[in-house]
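Throughout, a chain's letter reflects where its sequence line sits, starting with A, and its residues are numbered from 1.
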2 protein chains.
Amino acid sequence: MISIDLEEAPRGGDLVAVTREKTDRAKATRIDDVARAAGVSTATVSNVINETKRVAATTRASVLDAIERCNYYPNAQARSLASGRTRIIGLLSSDFASPLFPELVKSFEMNAFERGYNTVLLNTNYDPHRAADHVRRLIGLKVAGVALMTAKLDPGLIHELIGRNISVVSQNLDKVSEHMSNVVIDYAVGVDEAVAHLASLGHRHIVHVAASDKPDGTNVRRDAFLESVARHVPNARTAVYEGDFRFESGQRAAIEILAAAELPTAVLAANDMMAFGLMKEMRKAGLSIPRDISLIGFDDTAFAELSEPALTTVCLSRAELGRRTVEALMKNIAQPGAQGKEVRIPTYLVKRGSTAPPRP
Amino acid sequence: MISIDLEEAPRGGDLVAVTREKTDRAKATRIDDVARAAGVSTATVSNVINETKRVAATTRASVLDAIERCNYYPNAQARSLASGRTRIIGLLSSDFASPLFPELVKSFEMNAFERGYNTVLLNTNYDPHRAADHVRRLIGLKVAGVALMTAKLDPGLIHELIGRNISVVSQNLDKVSEHMSNVVIDYAVGVDEAVAHLASLGHRHIVHVAASDKPDGTNVRRDAFLESVARHVPNARTAVYEGDFRFESGQRAAIEILAAAELPTAVLAANDMMAFGLMKEMRKAGLSIPRDISLIGFDDTAFAELSEPALTTVCLSRAELGRRTVEALMKNIAQPGAQGKEVRIPTYLVKRGSTAPPRP
DNA sequence: TTGTAAGCGTTATCAA
DNA sequence: TTGATAACGCTTACAA
């Protein structure tokens, strides 16, 4: 849309470059080069690299030396063609830019890396066609496993993966099965902490701004909220407002809440964005948080600790989510044919400045 | 640290599952299966898939049909082993969780996908060892190209890539060379718009809270700031404070600014985080933004439009950055041996509520 | 327009 | 403990 490629930048030393080209590009070194350099067979080199067989210490040393000298990097394509496995795992998501993902992706990649795996990233952008294409690519790539961090995926596609012996870890799916584990985020514990916190501050009139992730109408957070309120707050007054996770829906919910006969003393929003919307609208209405009303969010997005007041919020450790997802994948890969597991990631409350006792 | 794998979930239909296993896992279909099914040779199937040769329409149709019927997914490893190229590109970053990245990663992946490439992600976490390992892996994977979105990387490693005929696109590097392009973010235009905006509002005393990305002491934003002020504001008063991109350093800068003999009427921070720090501290000191002082940030992070007041900020389009990075990579891949290009990504001002005319 | 067959760089099975 | 050598599944000259 703007700006164009500049003209080619000036460059010195053409001759040198050309020479280098002739040297470096002269075919990458292969396992036979190393074998020759070490005076052994390719089988031995392979065994040294993969530690697949006992190799005499001296042979081993000279092979390693030869690898070093030749500046040898094994060809991953050839390796996996021959061995039938790859060291690649996929991470499929609907939207990498959504708040939870950046850190999750980072943690996922780092954990995979440490186990010798590379991560390929796939963003479906909520498009089922794209998702199907992505799955196809993953199969073509012969990935060892895939983490499906997307809202919902055609079960047929999942089968396609499982059937090809690719490990799958899904998020918040209901069932595990052979070769397929499930990471479930345990919203209930965090919600319970939040409600208990409000109850202990003395709140008796707490409302929830819900937003449902599942299309089937079930809503884990809302249900947990209602259940927790019933448990922690005797004679509670409560209500549930509907939002859609977006800032604006938080604002709309605030307007509804303000229009109600009696103002609640605390609000639990299903995510931070809506909480920020609530915050803005309530401030506009002249209310002070937390003096007039307490507010709790969900997700612990980057801004939660910077907002005015800093937002009390329920969150989960993205690092843990990433790590345990990779672990689950690895477990499935290591034990093909075994039954998948269910991994629960707890959520917890982070207390900040947006909650206080209700006005007397 | 918390929670443990639950016991295996119950499962029904073992028999069915076992049957499926026998069927599905019975060796993936290969190109010969398709060839046989279509009654042609493997070469023809390959030519249909890759569009590498003219194939008679009828033959083509029957091959496509056979591919469909066999549910055939070409083996990427075998393909690239045979062809010498892969459809994988790498994206190397120091920290995927930093503000610019999520959307950049998303855009990068989507653009790569549309061109038939898969993206492998590598997070160095600012660790040179890890970076070196990553480069090694990329070479082993025989990726077609790599985008180096990391602060600095050992030039030796870059050479290692180039020498192996892997296209490289770096960010904010100084030079381009054969097989290596450079994406530079043009901070100057955005800074200039920001300063011009302040000047047109009537500001004459504008300070900058700088933070340097480059270790060599050069600071593009600061230099652009000083230059723009000199150009747009006659008899300007100005000053530069040092920060480190973090919220707290914005707070510290605010304290310094407030301690100065005369308060400036506007502040340009080198990123949003510091701007938020400034905002918090100035509010604490009883100042109102933008009535008492105008504030401009840099990056347009997610919260810029949600803060109170919404932050005027300089930003760049992450979508464009991702797209043009992939384009540069593709160009290099398509024309091996050609000289790299320099791609400039402009920045621009987003006017929001944190800027206003100075008090009279 | 189609087919044959020789690689591509490993791993893994035997045999030595 | 090591070495030959046949896969692995595809692409691509070269032939037909």
Is there any protein nitrogen or oxygen under 3.5 Å from a nitrogen or oxygen in nucleotides 14-16 of chain C, and what are the pairs?
| from | atom 1 | to | atom 2 | distance (Å) |
| --- | --- | --- | --- | --- |
| C/dC14 | N4 | A/K53 | NZ | 3.0 |

Could you tell me whether the phosphate oxygens of [N], OP1 or OP2, come under 4.0 Å of any side-chain nitrogen or oxygen in [X]?
{"X": "A/R85", "N": "C/dA12", "result": "yes"}
{"X": "B/T44", "N": "C/dT2", "result": "no"}
{"X": "A/S41", "N": "D/dG3", "result": "yes"}
{"X": "A/S46", "N": "C/dT11", "result": "yes"}

Return the nearest nucleotide to the side chain of A/S83; candidates are C/dT10, D/dT2, C/dT11.
C/dT11

As a test of reading the structure: which of D/dC10, D/dT11, C/dT2 is closest to the side chain of B/N50, going by heavy atoms?
D/dT11

Do any pairs count as a ring-ring contact (aromatic ring centres under 6.0 Å, His included) and have a residue in residues 103-122 of chain A, sequence neighbours left out, and if so which ones?
A/F113-B/H134

Rounded to the nearest angstrom, tell me the gap between atom [atom1] in [X] and atom [atom2] in [N].
{"X": "A/R36", "N": "D/dA4", "atom1": "CZ", "atom2": "P", "result": "12 Å"}
{"X": "A/E51", "N": "C/dT11", "atom1": "CD", "atom2": "P", "result": "13 Å"}
{"X": "A/K142", "N": "D/dC10", "atom1": "NZ", "atom2": "P", "result": "8 Å"}
{"X": "A/L141", "N": "D/dC10", "atom1": "CG", "atom2": "C1'", "result": "15 Å"}

For the helix from C/dT1-D/dA16 to C/dA16-D/dT1, measure the angle between the helix axis at one end and the axis at the other, each built from five pairs, rounding to 10°.
30°

Report the residues that fulfil side-chain contact (heavy atoms from CB on, under 4.5 Å) with B/D32, sequence neighbours left out, ordered by chain and then residue number.
B/R30, B/R36, B/T42

What residues, two or more places apart in sequence or in another chain, satisfy side-chain contact (heavy atoms from CB on, under 4.5 Å) together with B/L138?
B/V120, B/L122, B/V143, B/V146

In residues 67-81 of chain A, which residues come under 4.0 Å of DNA chain D by heavy atom?
A/L81

Would you mind classifying the nucleic acid contact of A/N47 as base, sugar-phosphate or nothing, using non-hydrogen atoms under 4.0 angstrom?
nothing

So what does B/A56 touch, heavy atoms closer than 4.0 Å: a base, only the sugar-phosphate, or nothing?
sugar-phosphate

Using only heavy-atom distances, determine whether the side chains of B/T119 and B/E109 contain a donor-acceptor pair under 3.5 Å.
no

